[in-house]
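Comments concern the structure below.
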Amino acid sequence: MKLSGAEIFIECLKREKVDTIFGYPGGVVLNIFDLLYDNKEIRLILTRHEQGAVHAADGYARASGKPGVVLVTSGPGATNTVTGIANAYMDSTPLVVFSGQVPTPLIGNDAFQEADIVGITRPCTKYNFLVKDVSELARIVREAFYIATTGRPGPVLIDLPKDVTSGKADFMWPEKVHMRSYNPKYEGNRWMITQAAHEIAKAKKAVILAGGGVIHSGGHKELKELAEHTHIPVTMTLMGLGGFPGTHSLSLGMLGMHGTYYANMAIQNSDLIIAIGARFDDRVTGKVDTFAPHAKIIHVDIDPTSIRKNVRVDVPIVGDVKLVLRDMLKILKETGKAQWGEIRKSWLKQIDSWKKERPLVYYKDDFVIKPQFVVEKIYEITRGDAIITTEVGQNQMWAAQFFKFDRPRTLLSSGGLGTMGYGFPAAIGAQIAFPDKLVIDIAGDGSIQMNIQELATAVINKLPVKVAILNNQYLGMVRQWQELFFRERYSYSHLDISPDFVKVAEAYGAVGFRATKPSEVEPVIKEAIKIKKAVFMDFRVYWKEKVYPMVPAGAAIDQMIFEEEEKKPEKKLKAVK
Amino acid sequence: MRHTISVLVENKFGVLSRISGLFSGRGYNIESLTVGETIDPQISIMTIVTTGDDQIIEQITKQLNKLIDVIKVTDMTELDHVEREMVLVKVSPKQEDKAEVLRLAEIFRGRIVDSGPTTYTLEITGDEKKIEAFIELVKPYGIKEFARTGKVAISREGVKKK
């Protein structure tokens, strides 16, 4: 029996076990939307902007490990997804984005709502397809899901011309995907892994640098076992947080530009770095020439291009983190020393003294809310049992520093692209994946306004997402740079008048709270958690608070600036316009 | 250093832009690029000439391999191989220089593929040095038009690299 393209689309999603998609309708995708109207198995979450749809699908995917699916229309619908797609690409989130396209005979004619979305997204997707013939559709959808979820995951876009969705073909679902040009490699090279084990056994001052790959591969248990077995401390990139328990005695927290003093010191003084599923981003390495000058580097990554891209590598291992760590552990246990603890003693002692020398701190205040205090309170009250999303900027760094992530997939944050406006829709996606979990977006007053329209999505779908707005009236991170490096010339970083977030929440049918004093923080958080509705919490925080420690751009990561010099907020603050 | 990289790709639309986009997006340099079908019409072969230090070339080959449509990447520079390119040159020599131009073509084992009242179109095939040398020699006689294929390369059989 022949099915229409739209029917094939639905059939394919069922085969891929997709029950939730995020999207927005429009002219050329109406054939599909018509079928979704009374479909009981597939629910479409109607966002209020296509960017929100992609971020929500991204949050859904990161929280659940399943691919996120998006359906939008052609032209502006498609171009609005670009930021979301680029964001997913940088952070390796598996997404399949379906965009409508004008009918094939009109392609290239500058038709109404036509955009060359395949051309536009070519550099920011793992792969993309233009379906030219309805008979190819099932195979393409199958391949798209396969490509998105295997190897290093990433977004895949399928452009669906209107006549393809109405055209008819036999439905043939390929059970197996065979692509001669795409065969991701999962098993690491045995010899290389043995080499790595030798280096680990030899090293006196080793550090594990764990990245997002640990989470993607589900290798967090193996990582913990490796660290505990060999007594090697673990530092994490932003994407790696949660891949190793943040409360573990071997955890050094995050490294890099706003990483902990002890993580950066450990890296710089180490004789061996075991990088696992991390790609040595410039925010991690600081000035590359001065990065870990005495260390040999073992680099495990499923993407060969990540290896030796930014730093020299002594033992490259291409493969899946989980499998490589499994093999590595096996070798270490067979051949390794029983006295790991003895060997690492002086190194761990050194790290301990760094921890004591400069712990992660901020200075509390009785009158003004410190943003770190809010994050800390959220952590305390939730006991860490929540999915945290962040926006981008100071809010993101404070969340990374002061919330301890013990489990993978509990921090969803835009790492690579650094997309303001990611956190709120991502929280919506995560809440849809886990309706009973507590999901909190730690936001800034700037970022939240980038996708604030999604509050409607949260309210209508009865999603009890919480948003903690660290409201400092500024684009805080920009302001911080301007204060430190641009002689306090706050060029266009002052937001001046923000909306009344409490009233905004109420206008959308959500709940709004405000805290202006430190003593109000805890009651507000507790109340917000109690209410089974979407809540905006407007925390009026100290505007001049900065994220410390900080490695200035272009410096080595052990050349950090600390907060000492301003232990107390100045009482007479200069009014800045 | 200059490298000649041979890339087998799926013969699909958009492949060329994926490859060229990779080079432009990452700031790699393409000196020449040729594409043609192989004996399997579903597969095309591209020959790309590029320059960069070892690290860049390593990244280029890895990034090419990472593209979904790429089947195989071979850095010809590491192998014993043969390279050829072809150039078509339309020259308009003065009457008294015509014989000299034809002689040059002969020395370079070129062919005359077209002639007009005042022009000859010459076809020269060879490695890059030969092509460059020919162009230099013929330039003084007046090159009117000029078309060059870019390099193709194939590995040599039976001779092991020392």
Do you see a donor-acceptor pair shorter than 3.5 Å between the side chains of B:D69 and A:Y127?
yes
Suppose we screen for ring pair (Phe, Tyr, Trp, His ring centres under 6.0 Å). Which residues come up paired with A:F280, at least two apart in sequence or across chains?
A:F291, A:H299
Let me know if A:N183 has heavy atoms under 4.5 Å from chain B in its side chain, its backbone, both or neither.
neither
Would you indicate whether B:Q42, at its atom CD, is surrounded by more than 12 heavy atoms from other residues, nucleotides or ligands within a distance under 6.0 Å?
no
Can you tell me if CZ on B:R109 sees more than 12 non-hydrogen neighbours from other groups inside 6.0 Å?
no
Chain B contact via A:R152 - side chain, backbone, both or neither, heavy atoms under 4.5 Å
side chain
Can you confirm whether more than 12 heavy atoms, excluding those of A:R283, are under 6.0 Å from its CZ atom?
no
Crowded around B:K98 NZ? As in, over 12 foreign heavy atoms under 6.0 Å?
yes
Which portion of A:I147 sits near chain B, non-hydrogen atoms under 4.5 angstrom:
side chain
Structural part of B:K12 lying under 4.5 Å from a heavy atom of chain A:
side chain
Rounding to 0.5 Å, atoms CG (A:N310) and CD (B:Q55) come to a distance of 8.0 Å
Within the supplied structure, the quantity of interest is the number of heavy atoms (other residues, nucleotides, ligands) at a distance under 6.0 Å from B:E106 CD; does it exceed 12?
no
Please identify, among B:Q63, B:R18, B:K66, B:K72, the residue contributing the most non-hydrogen atom pairs under 4.5 Å to chain A.
B:R18
Roughly how far, to the nearest 0.5 Å, is the OH atom of A:Y182 from the CD atom of B:E10?
14.5 Å
A:I107, CD1 atom: more than 12 neighbouring heavy atoms under 6.0 Å
yes
Do side-chain atoms of A:K126 reach the backbone of B:I68 as a donor and acceptor pair under 3.5 angstrom?
no
A quick test of your reading: do over 12 heavy atoms of other residues, nucleotides or ligands sit less than 6.0 Å from CG of B:D53?
yes
Quick one: OG1 on A:T305 to CD1 on B:I60, what's the gap to the nearest 0.5 Å?
13.0 Å
Rounded distance (nearest 0.5 Å) linking atom NZ of B:K62 with atom CG of A:D303
8.5 Å
Ignoring hydrogens, what is the shortest heavy-atom contact between A:S181 and B:I71? Give both atom names and the distance.
CB-CG1, 3.7 Å
Could you measure the distance from the OG atom of A:S306 to the CD atom of B:Q59? Nearest 0.5 Å is fine.
8.0 Å
Please report the interatomic distance NZ(A:K309) to CZ(B:R26), rounded to the nearest 0.5 Å.
6.0 Å
B:R111, CZ: over 12 other non-hydrogen atoms inside 6.0 angstrom:
no
